[in-house]
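Down below is the structure, laid out as structure tokens.
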Amino acid sequence: MSRQGCGKFRTPKAMYDAWCEYKTYCDGKTKFVTTFSQRESRHITEEVPAPVSYSIRGFCVWIGMTEQNFYATYKDSNKDKFECVIARMLTECEIDTKEKLETARIEPRLAGLLLSKYGYSTTVEQKTDFTNID
């Protein structure tokens with residue numbers, strides 16, 4: 001896994017290639033889980049998949065660049081050619097988070113927190129029509 005040392009990308013393709021490496025890194029995360037086996041009467045520790053959701057902030061840390069500097073360099077400046085890549089990255093972040101929550105690869109109790117940044121809410125809005133009240 002190679003990281004872009006200074007976090008600078010000369011082409012949108014280079015940025016997207018690094019993004020694909022970051023996604024592979026996130027999907028390949030693992031953790032150790034210890035369970036008790038009654039059959040063997042001992043604790044068993046095994047390494048299991050533990051993917052994490054993608055984020056622009058995580059990507060910035062992965063490439064060694066601050067999020068503020070990332071946006072200032074590639075989105076807020078007049079580099080239109082990078083806007084499509086950044087838009088795709090943001091869309092992939094949302095879709096990945098929803099998919100991992102729906103398949104329980106990420107703890108479902110985090111749904112409200114993780115999806116709130118994409119405009120989703122756990123509250124239900126009720127509209128009341130007061131025009132027909134006697």
Side-chain angles (χ1 to χ4, degrees):
M1 151 187 17
S2 65
R3 296 183 188 185
Q4 304 293 328
C6 62
K8 306 276 186 203
F9 302 106
R10 297 200 184 277
T11 66
K13 182 178 180 346
M15 179 187 284
Y16 190 72
D17 289 346
W19 172 251
C20 290
E21 287 180 32
Y22 168 72
K23 292 190 309 181
T24 301
Y25 166 78
C26 290
D27 290 337
K29 297 290 272 183
T30 60
K31 66 180 178 181
F32 289 97
V33 176
T34 302
T35 56
F36 183 76
S37 171
Q38 290 185 354
R39 185 176 60 157
E40 296 181 25
S41 296
R42 65 182 182 103
H43 286 90
I44 298 174
T45 301
E46 60 184 343
E47 190 173 11
V48 297
V52 294
S53 60
Y54 316 145
S55 69
I56 297 296
R57 180 171 287 163
F59 176 68
C60 291
V61 169
W62 190 76
I63 62 171
M65 187 177 212
T66 65
E67 188 176 12
Q68 180 181 5
N69 191 25
F70 175 80
Y71 282 118
T73 303
Y74 298 110
K75 189 170 185 190
D76 296 337
S77 62
N78 293 325
K79 299 198 177 200
D80 295 333
K81 57 187 178 178
F82 288 98
E83 281 188 28
C84 290
V85 176
I86 294 171
R88 182 170 180 170
M89 290 164 64
L90 289 168
T91 302
E92 287 181 7
C93 287
E94 178 182 353
I95 291 169
D96 174 70
T97 300
K98 286 177 61 179
E99 180 181 277
K100 286 177 179 168
L101 284 167
E102 290 171 0
T103 59
R105 294 186 323 188
I106 294 178
E107 178 62 46
R109 292 182 291 182
L110 298 174
L113 174 69
L114 293 173
L115 293 177
S116 64
K117 62 181 148 191
Y118 302 115
Y120 296 94
S121 173
T122 57
T123 59
V124 178
E125 292 182 26
Q126 292 181 330
K127 293 184 180 178
T128 307
D129 185 12
F130 292 108
T131 57
N132 295 330
I133 297 179
D134 293 357

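As the structure is a computational prediction, the values presented were derived from the model and not from experiment.
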Could you check Y71 against I56 for side-chain contact (heavy atoms from CB on, under 4.5 Å), going step by step and ending with a plain yes or no?
CA-CA 10 Å; Y71 282 118; I56 297 296; 3.4 Å; yes

Rounded at 0.5 Å granularity, tell me how far CE in M15 sits from CD1 in I63.
7.0 Å

How about R88 and W19: do any of their side-chain heavy atoms sit closer than 4.5 Å?
no

Min side-chain heavy-atom separation I86-F70 under 4.5 Å:
yes

Does one hydrophobic cluster hold both V52 and Y54, with members joined at side-chain heavy-atom distances below 4.5 Å?
no

Looking at every non-hydrogen atom in both residues, tell me the closest pair between R10 and K81 and how far apart they are.
O-NZ, 4.1 Å

Where M65 and N69 come nearest, the two heavy atoms and their spacing
CE-ND2, 3.7 Å

Tell me if a side-chain donor or acceptor on Y74 pairs with a main-chain N or O of F9 at a distance below 3.5 Å.
yes

NZ/NE/NH1/NH2 to OD/OE distance under 4.0 Å, K23 and D27
no

Other residues, nucleotides and ligands only: do more than 12 of their heavy atoms fall within 6.0 Å of CD on Q38?
no

Look at the side-chain heavy atoms of Ile, Leu, Val, Met, Phe, Trp and Tyr, link any pair under 4.5 Å apart, and say whether Y16 and I95 land in one connected group.
no

Spatial distance of atom CZ (F36) from atom NE2 (H43) [nearest 0.5 Å]
6.0 Å

I44 and E40: which non-hydrogen atoms are nearest, and at how many Å?
CD1-OE1, 3.9 Å

Restricting to non-hydrogen atoms, name the atom on S53 and the atom on T97 that form the minimum distance, rounded to 0.1 Å.
CB-OG1, 3.5 Å

OH-CE distance between Y22 and M89, expressed to the nearest 0.5 angstrom
9.0 Å

What distance do L101 atom CG and D96 atom CG have between them, rounded to the nearest 0.5 Å?
9.0 Å

Between the NZ atom in K98 and the OG1 atom in T103, the distance rounded to the nearest 0.5 Å is 12.5 Å

So which atom in S55 and which in C93 form the shortest heavy-atom distance, rounded to 0.1 Å?
CA-SG, 3.6 Å

